[in-house]
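To start, the structure under review is shown below, and the notes come after it.
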Amino acid sequence: MNHLTRKPGCPTTASAVVSRGCTGLPTQGVCAVPNLPTAGDVALAAHEPRFEASFPAEREAVSRVRRELRERLEADGLGSIADDVVLICTELMANAILHGCVGFPSGIKITVTVVWSDVQLRVGVRDPSVVRPREQELSATRTSGRGLRLVDELSDRWGVEADPSGRGKTVWTELDCPRKRAS
């Protein structure tokens with residue numbers, strides 16, 4: 001079962017059901033969706049444009065991945081949404097490095113996958129932890145903890161998929177109709 005947030009007014013599918021009171025998830029605007037397509041599924045097949053990068057969970061690697069992703073999106077005509085996609089990836093990569101890799105040996109890797117079609121753009125950031133991310137309470141004094149709020153604002157949907165092996169998770173986000181947004 002995958003959990004995702006939906007912005008008010010976003011269409012739901014027949015397979016989406018409201019799930020309230022799930023541990024670690026907000027109590028409003030959360031859906032539990034069985035069999036949500038992933039980047040490897042038919043919805044975003046292997047022939048769709050993609051960007052993939054695995055790198056050591058170190059802050060220094062993030063700028064290289066951001067630069068390469070921006071270049072790939074711009075080369076495919078998605079330059080006008082590249083800022084949003086790169087910001088989403090930056091926030092998810094930072095969370096993976098700061099929270100998803102804690103307690104794991106140095107050199108552990110995280111993977112960023114971005115797959116797009118005319119219908120959807122999907123970002124996934126995989127890390128070795130099974131701990132689900134949580135949105136932080138807003139604070140006027142804290143300088144961090146706003147990343148998932150940014151992801152939520154920039155995305156049509158986002159959520160977490162547990163690795164079937166029980167080793168890790170992928171935090172994902174989706175943008176509908178990326179080419180229409182880009183024009």
Side-chain angles (χ1 to χ4, degrees), residues 1-5 22-25 30-73 78 81-82 84-117 120-136 144-152 154-176 178:
M1 189 69 69
N2 299 293
H3 299 280
L4 61 98
T5 63
C22 295
T23 306
L25 294 170
V30 176
C31 298
V33 181
N35 304 319
L36 185 70
T38 64
D41 289 339
V42 175
L44 291 169
H47 67 278
E48 301 293 357
R50 94 177 26 238
F51 170 86
E52 197 159 346
S54 287
F55 56 95
E58 299 166 356
R59 290 183 210 176
E60 297 78 25
V62 172
S63 63
R64 179 187 56 83
V65 174
R66 278 194 321 240
R67 185 176 55 256
E68 291 174 7
L69 174 58
R70 177 181 303 284
E71 289 170 1
R72 180 70 175 97
L73 291 169
L78 296 173
I81 65 166
D84 288 351
V85 176
V86 168
L87 179 56
I88 288 168
C89 282
T90 300
E91 294 300 333
L92 295 181
M93 289 186 292
N95 281 352
I97 292 167
L98 295 174
H99 306 293
C101 295
V102 172
F104 288 91
S106 65
I108 194 84
K109 292 193 175 209
I110 62 175
T111 302
V112 175
T113 305
V114 183
V115 182
W116 59 95
S117 69
Q120 182 181 80
L121 181 142
R122 180 181 172 98
V123 172
V125 176
R126 187 191 182 293
D127 68 56
S129 174
V130 297
V131 177
R132 292 179 174 269
R134 293 180 299 122
E135 285 186 28
Q136 302 289 319
S144 64
R146 295 176 180 88
L148 288 178
R149 291 188 187 279
L150 282 170
V151 169
D152 184 56
L154 295 171
S155 306
D156 290 307
R157 287 168 298 286
W158 71 274
V160 179
E161 293 174 350
D163 187 292
S165 71
R167 286 181 246 135
K169 66 178 174 304
T170 298
V171 180
W172 58 265
T173 180
E174 295 174 339
L175 286 79
D176 293 333

With side chain to side chain contact (heavy atoms under 4.5 Å, CB included) as the test, would you mind laying out the steps for Val65 and Cys89 before giving the verdict?
CA-CA 9 Å; Val65 174; Cys89 282; over 6 Å; no
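The line from NZ of Lys169 to CD of Glu161 is 12.5 Å long, rounded to the nearest 0.5 Å. Atom CG of residue Asn95 and atom CG of residue Leu148 lie 5.0 Å apart, to the nearest 0.5 angstrom. The CG atom of Asp127 lies 10.0 Å from the CG atom of Leu92; values are rounded to the nearest 0.5 Å. How far CZ of Arg122 is from OG of Ser117: 12.0 Å, rounded to the nearest 0.5 Å. A distance of 12.5 Å separates CD1 in Ile108 from CD1 in Ile97, rounded to the nearest 0.5 Å. Gln120 CD to Arg157 CZ: the interatomic distance, rounded to the nearest 0.5 Å, is 5.5 Å.
Each of Leu175, Val123, Asp152 was compared with Trp158 under the side-chain contact (heavy atoms from CB on, under 4.5 Å) criterion, and only Asp152 meets it.
Val131 places none of its side-chain heavy atoms less than 4.5 Å from the side chain of His99.
Nearest heavy atom pair, residue Phe55 against residue Ala61, reads CD1-CB, 3.4 Å. Shortest non-hydrogen contact noted between Ile110 and Met93 is CD1-O, 4.1 Å. Contact detail for Leu78 and Pro178: the closest heavy-atom pair is CD2-O, 3.8 Å. Closest non-hydrogen pair, Cys101 versus Ala57, comes out as SG-CB, 3.5 Å. Ile88 and Val151 get closest at one heavy-atom pair: O-CG2, 4.2 Å. Ala82 approaches Leu73 most closely through the heavy-atom pair CA-CD1, 4.0 Å.
The pair Arg72-Glu68 does not count as a salt bridge, with every side-chain nitrogen at least 4.0 angstrom from each carboxylate oxygen.
Without hydrogens or angle criteria, Thr170 side chain to Trp172 main chain gives no donor-acceptor distance under 3.5 Å.
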